[in-house]
Asker: 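Handing you this structure, nothing more for now.
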Amino acid sequence: MKTPRAVPATDQPPAAQDEATTGPPRPRGLRHNTRWLMVFLCFLGMTVNYVDRATISISLPYMTDDLHIGPEWQGVILSMFFVTYALGQLPAGALIDRYGEKRMFAIGGLIWSLVTVSTGFVRGIGSLLFARLALGAGEAPAYPSCAKSVSRWFPVRERALANSVWDNGARAGTAVAAPVVTALIAWQGWRMAFWVTGAVALLWVALWLKTYREPSARGGLSAEERAYVTAGGARLEENPAQETAAPQEPAVRWRDLFRHRTVWGMMIGFFCLNYVIYFFITWFPSYLVDARGFDLLKLGFYGALPGIVAIGGSLLGGWTSDTLLRRGWSVTRARKTCLVCGMLFSSVIAFAVLVPGAMWALALLSVSYASLAFSAASVASLPADVAPTPRHVASLGGIQNFASNLAGVLGSTTTGLLLGFFNHSFVAPLMLSGALCIVGALTYGLVIKRVEPLRLTAA
């Protein structure tokens with residue numbers, strides 16, 4: 001007798017769950033693939049999000065003289081963003097589950113675009129620190145909004161690839177920021193860089209509000225696409241702003257999610273992954289300039305390479321996870337294989353300190369970033385895979401991202417302190433990053449036992 005396949009988190013009966021990896025055939029034609037337009041809008045939002053976030057990292061070496069910023073303040077300035085960004089994940093996830101991703105992502109985008117523009121007017125450390133705190137709060141809804149959108153629009157067997165698409169906005173934004181921001185700085189100075197990138201964010205908000213739709217709205221899911229994604233395990237809610245728990249389900253308090261070992265494994269693993277990713281977002285430009293002697297031209301060209309390579313790593317990670325599911329692997333086995341292997345390979349970042357040539361170091365850093373992105377596609381799928389109901393997907397995404405962005409606070413500051421202690425040497429920061437990659441692999445492999453819906457606990 002054939003053993004039934006293990007299936008991911010859904011709220012459907014067992015017969016419907018079994019279709020999550022087999023399901024009806026994929027509908028053909030643009031009219032029946034609206035879900036890919038929605039995830040592309042999320043990708044654009046994350047790209048703009050990361051361009052605005054990276055502008056400070058690229059501009060900082062050129063802001064120091066104008067604003068009289070000493071080296072002891074640079075790590076603090078970079079880390080202030082992550083204080084409000086990390087703390088904002090928790091309420092953002094709950095608000096998205098209540099009011100919907102369209103509304104909350106737009107509100108966040110409006111805030112961060114205006115803050116980015118205003119950063120071009122700062123006159124000292126105090127106003128810059130305030131701008132960084134405000135930027136973190138504005139960008140907080142982005143990640144859980146995208147995770148929520150994919151959980152509602154996509155079946156399980158396409159979920160990892162869809163998540164890799166929007167998550168690649170992080171790599172695309174980082175890659176685009178390097179040449180664009182450096183060109184703006186060379187043209188009109190660092191203030192112009194903030195004004196232009198902030199204005200682009202405002203344009204994205206307008207596009208998002210005009211184009212993004214709820215699955216049940218007019219122009220949303222066609223009948224064929226709805227049948228496909230529903231049978232495939234999409235965590236569809238007809239009205240997220242008004243949705244309440246079904247009568248047969250016990251209410252689950254937000255704080256009860258922290259009782260589960262799986263949630264803590266998600267938090268610790270993503271902390272380790274993002275610690276290293278945020279090195280690329282914050283200190284990587286300074287590493288190329290200070291440790292490898294890159295000038296502005298080289299920084300603009302070579303600084304984009306790790307992000308470009310990582311885009312391929314992310315798509316490969318999403319494709320691999322979904323392919324393993326279609327070939328009969330359980331969700332647990334497929335997700336954990338991609339998570340552990342990606343984190344192990346990313347530890348090569350530590351070897352960058354051993355090679356004398358700048359190009360060899362850049363190659364190792366590119367492999368590390370691509371491996372992190374390979375894992376990130378499955379990380380982004382975990383909230384939908386393990387949420388006890390659709391009303392907890394964004395909340396779990398916010399919890400997971402809260403822990404990961406504590407790494408931004410600690411990582412930016414720790415790297416600055418280590419640079420000061422070791423006379424501006426990047427050896428210790430890169431060795432620490434490599435060690436955390438190993439810790440992350442062990443966490444995903446051992447702390448998370450099964451990738452399946454958390455058991456409901458009555459309030």
Side-chain angles (χ1 to χ4, degrees), residues 6-14 16-17 20-21 89-101 104 141 143-160 162-163 166-167 215 229-230 232-241 243-246 248-267 269-270 321 325 330-332 334-336 339 377-404 444 447-459:
V7 295
T10 71
D11 298 310
Q12 301 172 344
Q17 289 184 27
T21 56
Q89 296 299 311
L90 301 176
L95 289 170
I96 291 162
D97 278 329
R98 183 172 183 180
Y99 296 109
E101 66 275 12
M104 295 308 301
Y143 179 95
S145 291
C146 294
K148 180 76 169 183
S149 177
V150 168
S151 76
R152 300 179 65 210
W153 278 92
F154 283 84
V156 174
R157 58 181 171 180
E158 293 179 350
R159 187 175 289 162
N163 279 317
W166 68 258
D167 190 53
V229 302
T230 301
R235 311 209 73 174
L236 192 62
E237 297 170 86
E238 295 300 328
N239 238 326
E243 186 81 6
T244 57
Q248 69 272 21
E249 295 176 349
V252 180
R253 294 174 300 187
W254 178 82
R255 65 177 181 271
D256 289 338
L257 296 172
F258 290 94
R259 296 180 178 180
H260 296 270
R261 170 176 176 158
T262 296
V263 174
W264 286 100
M266 292 165 60
M267 293 170 67
F270 205 12
S321 185
L325 279 174
S330 69
V331 177
T332 297
R335 299 286 193 247
K336 290 179 66 172
L339 289 167
S378 291
V379 170
S381 299
L382 289 177
D385 290 337
V386 308
T389 77
R391 291 163 294 282
H392 296 91
V393 174
S395 295
L396 277 169
I399 290 170
Q400 177 178 251
N401 214 34
F402 160 73
S404 74
Y444 284 124
V447 177
I448 297 178
K449 290 187 175 181
R450 296 189 59 80
V451 180
E452 61 186 10
L454 304 175
R455 292 186 178 184
L456 294 168
T457 304

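The basis for the numbers below is simple: all heavy atoms, side chains too, and nothing from hydrogens, waters or symmetry mates.
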Asker: Write down the atom of Ala160, the atom of Ser321, and the distance for their closest heavy-atom approach.
Answerer: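 Scanning both residues, the minimum pair turns out to be CB-CB, 3.7 Å.
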Asker: With rounding to the nearest 0.5 angstrom, report the OG to CG distance, Ser395 to Leu95.
Answerer: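 One finds 9.0 Å between OG of Ser395 and CG of Leu95.
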Asker: Determine the minimum heavy-atom distance between Val393 and Ala147, stating which atoms define it.
Answerer: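 Minimum heavy-atom contact is CG1-O, 4.1 Å.
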Asker: Report yes if the side chains of Leu396 and Pro388 come closer than 4.5 Å at any heavy-atom pair, otherwise no.
Answerer: yes
Asker: If we only count heavy atoms from C-beta on, is the Phe154 to Asn163 side-chain gap below 4.5 Å?
Answerer: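 The answer is no; the side chains never approach within 4.5 Å.
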Asker: Please name the pair of heavy atoms, one in Pro144 and one in Gly93, separated by the smallest distance, quoted to 0.1 Å.
Answerer: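 Looking at all heavy atoms of both residues, the closest pair is CB-CA, 4.3 Å.
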Asker: Answer yes or no: is there a side-chain heavy-atom contact under 4.5 Å between Leu454 and His392?
Answerer: no
Asker: What is the minimum heavy-atom distance between Trp166 and Cys146, and which atoms define it?
Answerer: CD2-CB, 3.3 Å
Asker: Do Arg335 and Leu325 have side chains that approach each other closer than 4.5 Å (heavy atoms only, starting at C-beta)?
Answerer: yes
Asker: Tell me every residue that passes ring pair (Phe, Tyr, Trp, His ring centres under 6.0 Å) with Phe270, counting only those two or more places apart in sequence or in another chain.
Answerer: Tyr143
Asker: Rounded to the nearest 0.5 Å, how far apart are CG of Asp97 and CZ of Arg391?
Answerer: 9.0 Å
Asker: Taking all non-hydrogen atoms of both residues into account, name the closest pair between Ser149 and Glu101 and its distance.
Answerer: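 The pair with the smallest heavy-atom distance is CA-OE2, 4.0 Å.
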Asker: Would you check if Val379 and Asp167 make a side-chain contact, meaning some heavy-atom pair closer than 4.5 Å?
Answerer: no
Asker: Taking the side chain as everything from C-beta on, heavy atoms only, tell me whether Met104 gets closer than 4.5 Å to Lys148.
Answerer: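 Side chain of Met104 against side chain of Lys148, heavy atoms only: no contact under 4.5 Å found.
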Asker: What is the minimum heavy-atom distance between Arg450 and Thr262, and which atoms define it?
Answerer: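 Nearest pair, atom of Arg450 first, then Thr262: O-OG1, 3.9 Å.
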Asker: For Lys336 and Ile448, indicate whether the former's side chain and the latter's backbone hold a donor-acceptor pair under 3.5 Å.
Answerer: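 Answer holds: yes.
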Asker: I need the single residue from Met266, His260, Met267, Arg261 that forms a side chain to side chain contact (heavy atoms under 4.5 Å, CB included) with Trp264. Which is it?
Answerer: Met267
Asker: Please tell me if the side chains of Ile96 and Pro141 come closer than 4.5 Å, counting only heavy atoms from C-beta onward.
Answerer: yes
